[in-house]
Amino acid sequence: MNPNTGPLAGVRVIEIGGIGPAPFCGMLLADMGAEVVLLERSGGTLARQLFGGGRETVANRGKRSLGIDLKAPGAAEVVLRLLEQADVLIEGFRPGVMERLGLGPEACAARNPRLIYARMTGWGQTGPLAPRAGHDLNYAALSGALDAGRWHGGAPWAPPSLLGDMGGGGMMLAFGIACALLEARHSGRGQVIDAAMTEGAALLAHGLYNVHAKRERYPGIEHILDSTAPFYDVYACADGKWLSVAPLEPQFYALMLQALGLEDDPDFPVLEQYTAAHWPRMRERLAAIFAGQPREHWTSMFADSDACIAPVLDMDEAPEHPHLQAREAFIEVAGIRQPAPAPRLSATPASVRSEPPLAGEHTVELLRAFGFSDADLDALLAARVVEQLPENAA
């Protein structure tokens, strides 16, 4: 644990407890050195309930937890006092919820004009769908990105929670916060960030929209990356495991054919790699070839090749891969093996500052650090506005 490293050291973030992209955004900032204070209601968030309630919630690593009932009388004033000394607020409620709690952007800016008010929603703060519920799959679907991923031209698919929630949501929000922090250094003013997962997913698909726009000029180009092309797909091996095959460029495709002894095979004309009429037969042949040996056979064959072929690893196998071990790409925190902070900065590297906190573990410690008196603490605890579990009491 390295508590004082990272490019965001000295940045103070207040995160309203939630699930999915907003906690992921807070984790990214914490990994980069920010002080992230997590405000959680009694019993913790849904994320805690899903992942065990203790220190197993990976997205909470590096944070400290303050137990608070945001609906209790006086809770809004507690949060506003915290925000007076903060640089960033992260919230992931539906539009209007924070306003009803007395914690909307105007109220917060009145107390701290430099505050970055970061809002994470699926549909955005405005528009016909703004008040509606949704999940990652819905946001990816509306963005157009989901339809671009059709395995063998069949049903649309996408990796669970990655396209909308994490990539289009939490990562975009973290990028927006970094930009707003940089701007605030010059202007001395904060601003509101309206991050919508639908728009983030669409932005991630910018290259696909580029390809889509060229479909008439280059027939079949839309299907080069969606598994329709046999040289960009996954194949089952003899042991039931899978292999990713992606030699898109002709020079890499030629290397694959050479390794498989197919360089002179009429079913694999090198100069007609992109001719879709050949693809069904090419896929049939490749499927039979790769199904003839276990995955390790192919992994070994292509280990030192630029043919762009790699094993499909599960979450037990990936951390054990020699390359990922050499890069120390996975770490263990609180008994949970998890991805290490990324990306890598040479002068101010990211790190995990501490284990995920228990719900309300740091309530008293944090309130004192923010200038609350013992009398304030006694009153707030007695009124159950804030809560520190007895086993976590300071």
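Note that the coordinates shown come from a computational prediction; the quantities given were computed from them, not determined experimentally.
Open room surrounds CZ on R185; 12 or fewer heavy atoms of other groups in view lie less than 6.0 Å from it. Around CD of E328, the count of heavy atoms belonging to other residues, nucleotides or ligands within 6.0 Å does not exceed 12. Around atom NE2 of H206, no more than 12 heavy atoms belonging to other residues, nucleotides or ligands sit under 6.0 Å away. The number of heavy atoms from other shown groups lying within 6.0 Å of CZ (R337) is above 12. Shown here is R281, whose CZ atom has more than 12 heavy atoms of other residues, nucleotides or ligands within 6.0 Å. Residue-environment remark: CZ (F175) stays at or below the threshold of 12 foreign heavy atoms within 6.0 Å. For H152, the NE2 atom counts as densely surrounded, since its 6.0 Å shell holds more than 12 non-hydrogen atoms of other residues, nucleotides or ligands.
Annotation: side chain of P23 is in contact with side chain of E15 (closest heavy-atom distance under 4.5 Å). Here the side chains of R119 and P105 are in contact, with some heavy-atom distance below 4.5 Å. Proximity of R61 to D31: side-chain heavy atoms (C-beta onward) are separated by under 4.5 Å at one or more points. L173 places none of its side-chain heavy atoms less than 4.5 Å from the side chain of P21. When side chains are defined from C-beta on, V234 counts as touching W151, because their heavy atoms get closer than 4.5 Å. Here the side chains of E365 and R64 are in contact, with some heavy-atom distance below 4.5 Å. Between F302 and L260, some side-chain heavy-atom pair lies under the 4.5 Å cut-off. Between M171 and L204 there is no side-chain heavy-atom pair separated by less than 4.5 Å.
Although no hydrogens or angles enter the test, the distance criterion places no donor-acceptor pair under 3.5 Å between the side chain of D87 and the main chain of L181. Panel note: side chain S244, backbone A310; a donor-acceptor pair is recorded below 3.5 Å. Side chain of H135 to main chain of L137: no donor-acceptor pair is present (N/O by atom type, distance under 3.5 Å, no hydrogens or angles). Judged by distance alone, with hydrogens and angles left aside, the side-chain atoms of H362 form a donor-acceptor pair with the main-chain N or O of S65 at under 3.5 Å. The closest donor-acceptor contact from the side chain of W157 to the backbone of D147 lies at 3.5 Å or more, if one exists at all. In terms of modelled atom types and a separation under 3.5 Å, the side chain of Q388 and the main chain of E361 share a donor-acceptor contact. Formation of a donor-acceptor pair under 3.5 Å by the Y139 side chain with backbone atoms of G134 is found in this model. At distances below 3.5 Å, not a single donor-acceptor pair connects side-chain atoms of N210 with backbone N or O atoms of G207. Between the side chain of E91 and the backbone N or O of F93, at least one donor-acceptor pair lies under 3.5 Å. Not a single donor-acceptor pair under 3.5 Å links the side chain of S227 to the backbone N or O of D233.
Salt bridge K241/D314: absent, no basic N to carboxylate O contact under 4.0 Å. The existence of a salt bridge linking E77 and R111 is confirmed by a sub-4.0 Å separation between a basic side-chain nitrogen and an acidic carboxylate oxygen.
Both M282 and V270 are members of a single hydrophobic cluster when ILVMFWY side chains are connected at heavy-atom separations under 4.5 Å. In the hydrophobic clustering of this structure, V78 groups with L70; members are Ile, Leu, Val, Met, Phe, Trp, Tyr whose side-chain heavy atoms approach within less than 4.5 Å, directly or through other members. In the hydrophobic cluster analysis, where Ile, Leu, Val, Met, Phe, Trp and Tyr join through side-chain heavy atoms closer than 4.5 angstrom, V79 is grouped apart from I90. Residues V13 and F24 do not share a hydrophobic cluster, clusters being chains of Ile/Leu/Val/Met/Phe/Trp/Tyr side chains in contact below 4.5 Å. Linking Ile, Leu, Val, Met, Phe, Trp and Tyr whenever their side-chain heavy atoms come within less than 4.5 Å puts L89 and L82 in one cluster.
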Step by step, work out the salt bridge (Lys or Arg N to Asp or Glu O under 4.0 Å) result for E35 and R353.
CA-CA 9 Å; E35 175 192 352; R353 296 157 59 90; over 6 Å; no
List the steps, then state whether side chain to side chain contact (heavy atoms under 4.5 Å, CB included) holds for R295 with W298.
CA-CA 5 Å; R295 188 187 67 186; W298 303 116; 5.5 Å; no
Apply the test side chain to side chain contact (heavy atoms under 4.5 Å, CB included) to residues K71 and L101: give CA-CA distance (whole Å), side-chain angles for both, the deciding distance (0.1 Å), then the verdict.
CA-CA 7 Å; K71 294 182 180 179; L101 292 171; 4.1 Å; yes
Show your reasoning for whether salt bridge (Lys or Arg N to Asp or Glu O under 4.0 Å) applies to R384 and E387.
CA-CA 6 Å; R384 300 186 68 81; E387 182 177 27; 3.5 Å; yes
Decide yes or no on side chain to side chain contact (heavy atoms under 4.5 Å, CB included) for L142 and L129, but give the supporting numbers first.
CA-CA 11 Å; L142 205 72; L129 291 176; 3.7 Å; yes
Give the intermediate values and the outcome of side chain to side chain contact (heavy atoms under 4.5 Å, CB included) for residues D265 and R285.
CA-CA 11 Å; D265 193 300; R285 292 283 307 279; 2.8 Å; yes
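Between G164 and A201, the closest heavy-atom pair is CA-CB, 4.5 Å. Of all the heavy atoms in D136 and L162, the pair that sits closest is OD2-N, 3.8 Å. The minimum heavy-atom distance between D69 and A75, with the atom names listed, is O-CB, 3.1 Å. The minimum heavy-atom distance linking G292 with A238 is given by the pair C-CB, 4.0 Å. Shown here for Q325 and E320, the closest heavy-atom pair between the two residues is NE2-OE1, 3.1 Å. Taking each heavy atom of L248 and Q273 in turn, the nearest pair found is O-NE2, 2.9 Å.
Geometrically, R12 engages F370 in a cation-pi contact defined by less than 6.0 Å to the ring centre and at most 45° from the axis. Relative to the ring axis of F372, R81 places its NZ or CZ within 45° and under 6.0 Å from the centre.
Taking CG from L66 and CD1 from I14, the interatomic distance works out to 8.0 Å, rounded to the nearest 0.5 Å. The structure places CD of Q191 at 14.5 Å from OH of Y117, a figure rounded to the nearest 0.5 Å. For the atom pair CG of N60 and CG of L358, the computed distance is 10.5 Å after rounding to the nearest 0.5 Å.
Classified by interplanar angle (parallel below 30°, tilted 30° to 60°, perpendicular above 60°), the ring pair Y235/F290 is tilted.
Within the 6.0 Å centre-distance limit, the rings of Y274 and F231 are counted as a close aromatic pair.
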